[in-house]
Protein chains: 2
Amino acid sequence: MAKKSMRKISNSTIHRLSIYYRALLGLEREGYETISSKELARREKLTPAQVRKDLSFFGSFGTRGLGYPVKELKARIGEILGLNKLWNVAMVGVGNIGSALVSYKEFAKQGFIVKLLFDNDQRKIGSNHKGIIINDIASIKQMLQEQEIQIVIVTVPAAAAQKVCDEVVEAGVKAIMNFAPVSLKVPDDVVLLNENMSIELEHLSFSLTNRNMVLSD
Amino acid sequence: MAKKSMRKISNSTIHRLSIYYRALLGLEREGYETISSKELARREKLTPAQVRKDLSFFGSFGTRGLGYPVKELKARIGEILGLNKLWNVAMVGVGNIGSALVSYKEFAKQGFIVKLLFDNDQRKIGSNHKGIIINDIASIKQMLQEQEIQIVIVTVPAAAAQKVCDEVVEAGVKAIMNFAPVSLKVPDDVVLLNENMSIELEHLSFSLTNRNMVLSD
DNA sequence: TGTATTTTGTGAATCACTTCACAAAAGAAT
DNA sequence: ATTCTTTTGTGAAGTGATTCACAAAATACA
């Protein structure tokens, strides 16, 4: 799978690949056969050079004078992002957010299949939530392994998050998405992604509070 | 409010301010009076130099040889982030995610008050959702203005998002948090924050798919 | 009081990311 | 066929963010 000389790919580039992927889905629907870096950049408010640099990391699929073939490019980016695979996902904590994510249609569309739910609330355990039984968190390690879960989404309260995280890591899971507002410690070989909505809102709050400053020197 | 020579503050710095703020809340609870950049960095997996650089943008509140006073620093960062104010928030789209966010306790704690809900589903309009009446999206412009809403959270389907966004902008709102998986166009003076969970999950998917490559040259 | 230790605050150096700019390749037009 | 136009792919330049490294300031302790 390795490509050419292989420099480090930045997180921003990976993030933009997802953006390109979505744009290409739209372009395909609109009937485009090819798309230039210029037009793709315009639509996503980026620069053409950046689009080309990003794509060039993974080889050269463009045609000079014409642009990129929409279908092929979409397929290739999907492959790079691992969207051609199915991923087994478990969710720990079936509260407001966890519950909402279970029914989030976009996830299933991209190949993220929620296979297991866990909670520690005796009233929830055993009950059926949108077709999935809620399991006792006590059995998490065994079940994650049995069902070959690759990604775990943590939506438990902050105080419980590190303990859950440790158990998940112990079960051998290598990718965790954390919604708890606390910074978790994981070994180097585990990918941890923090999704903290308060932090994002605080960014808005900062921007509104400091609309004047922000620049100059 | 302007501070000293005032260089540009990067988004990463603002993001880390939120992280420091949370860490300081914890430190205060644990009874710390002061904290060094070294220890703060260790806890949040950053470097001491970065902590000091970030904080130095806003003045110097540390004491050499001792560190930063926890209480004061927390208060100061809160002020910088605008957390001492209350923000009026409206939410458009009361589906799975919108509904979950309404009851997300963290928001209220940080001073984000959900004042209005909107939807276009006749079955939902007029009903009471967790103590808040759901309004017809048709009346959005007027109501946003009447209630002096400063922040709008958009959780409608992708296809409807740009239209909603335009109306919100027209109502004079300057901060939008978008959960729809589509890139919205807003004027320069409006802060737009995209919170796209599929993109985040795709990042995990990428990492799992490409654990080997990632570096060297 | 003096010396050793800690830790800040910050220019300078380094590293990372983005944009520029242009040769090369392909298509379109005449 | 030849010329003109478009657009890629990519080194080089430029910009921005992080880390280094050290003087200065404060404490701790003898």
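- Within a 6.0 Å radius of NZ in A:Lys71, other residues, nucleotides and ligands contribute 12 heavy atoms or fewer.
- If you measure from atom CD of A:Gln50 to atom P of D:dG14, you get 19 Å, rounded to the nearest angstrom.
- Within the nucleic acid shown, B:Thr13 has no heavy atom closer than 4.0 Å to any nucleic acid atom.
- Annotation for B:Glu33: atom CD does not count as buried by contact number, only 12 or fewer foreign heavy atoms lying within 6.0 Å.
- At a cut-off of 3.5 angstrom, counting only N and O atoms as typed in the model, there is no donor on one side facing an acceptor on the other between the side-chain of B:Lys38 and the base of C:dT6.
- Within the 4.5 Å cutoff, no side-chain heavy atoms of B:Ile113 are placed close to those of B:Val89.
- A donor-acceptor contact under 3.5 Å is formed by the side chain of A:Arg64 with the base of D:dT8.
- A side-chain donor-acceptor contact under 3.5 Å links A:Gln162 and A:Asp166.
- Distances were taken from every side-chain heavy atom of B:Ser56 (C-beta onward) to each of C:dA26, D:dG9, C:dT10; the shortest belongs to C:dT10.
- Following rounding to the nearest Å, B:Lys53 (NZ) and D:dT19 (C1') show an atom-to-atom distance of 8 Å.
- In this entry the distance linking CD1 of B:Ile14 with P of D:dA17 reads 10 Å, nearest Å.
- With DNA chain D read from its 5' end, the first of the two nearest nucleotides for B:Leu46 and B:Leu66 is the one closest to B:Leu46.
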